[in-house]
Amino acid sequence: MATGFMTDTLFFWHDTGTAALMLPADPLAGVEPDAHVESGRTKRRGVELLDVTGLLDTMQRVRARPATIGELLRVHTDAYVQRVADASAQSRGGDAGDGFTPLGRGSAEIARLAAGGVLELVTAVASGNLTNGYALVRPPGHHAVAGMGMGFCVFNNAALAVRHAQAQLGLRRIAIVDLDTHHGNGGQELFYNDPSVLHISIHEAGAFPPNSGWIDENGADAGEGYTINIPLPMGSGHAAWLYAMHQVVLPALQRFQPELIIVPVGFDGGCFEPLARQALVVDSYRQMARLLSRAAERLCDGRIVGISEGGYSSGMAPWCLVGFIEGLTGETGSLTDPWAGVTAGYAAAPMLPHQQDVIDQAARLLPSITTAVPAT
Ligand code: ZN
């Protein structure tokens, strides 16, 4: 059996227009039009690098298909789905809600194709036809909430995957481990009261959304204890993230005993990333993917699906993707990481005490996680 890989050329055609990084272009306000930071370029380079390293050939292609309206409505409101469709039908597109989620013409159809492709991949993994899987999509999803797009995210692909697995695939207890460097606020909000979904997010404290993703956001009602945030200080790197994996993420998964693990992963934790200030290296992503794959093998027959989110360093993020895929597949690409020499000092950087404090605080939340929700 192989690792599944789902992508589609149309994902790279989702048109976010012009901006200065993510600031909407406005010549009258001194914002010169440039390519929007969330363009198709970085992820397209990622696919090309997977091809050049030979990793693409080791994986089995899964074809995307549009999500149905009914599938979208498991997570999103009717009014929001309609609003995205209406804006996307306009010749100049629009915005999905927060002013930082541009839609181009046809973006609704492309976002539906991304979401549906994720569901196809999850179906293939859950049915045992694939070992595990990775979906490389645009637009991303983990900031999107039920009634609004946020932070470049239109439909919440990871949340849709969870509800699809529960509604259609006979799986009940599902873990989301969000490794994007910004807070997985969308998944947190959607599952905040739901003990059938363990939502863990490692991210840079206070980066995006602002004032979101703190340790005391720990779930509510029946879901109390099933949301865990690890808001790392600026400058946290390889050692801190791996410590968080060992001290919090892996023990939490062990306690929860998921039947499926979904990993929204952005490569914006890289040390040359323009929209965050963490200091991860390519090997950080390789090691985190390996640890999660092994946990999935122990806990749920290897069922783990990675879904791409952010990551905006067009030079380094493609290599972080390669590292993650190597961790997922156990295969090694034919090329050696050219960033390794440049980032050797970052990789060796020790974890600082104020970084460890945050992770140790999050680890104290572990005892409230149980397997109280029965598996199917
Ligand atoms: Zn991000």
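Hydrogens, waters and symmetry mates play no part in the numbers below; they use all other heavy atoms, side chains included. Both counts, for ligands and for their atoms, begin at 1 and track the order of listing.
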Exercise for the section: Assess His182: does it contribute an N, O or S atom lying under 2.8 Å from the Zn ion (ligand 1)? Expected result: yes
Exercise for the section: Would you indicate whether Arg41, at its atom CZ, is surrounded by more than 12 heavy atoms from other residues, nucleotides or ligands within a distance under 6.0 Å? Expected result: no
Exercise for the section: State which residues pass ring-ring contact (aromatic ring centres under 6.0 Å, His included) with Phe11; sequence neighbours excluded, sorted by chain then number. Expected result: none
Practice task
Have a look at Asp268 and say which of its N, O or S atoms is nearest the Zn ion (ligand 1).
Solution key: OD2
Exercise for the section: Would you please say whether a donor-acceptor pair under 3.5 Å links the side chains of Ser201 and His182? Expected result: no
Problem - Set of residues satisfying ring-ring contact (aromatic ring centres under 6.0 Å, His included) with respect to Tyr134, sequence neighbours excluded - result: Phe324
Problem - N, O or S of Asp180 under 2.8 Å from the Zn ion (ligand 1) - result: yes
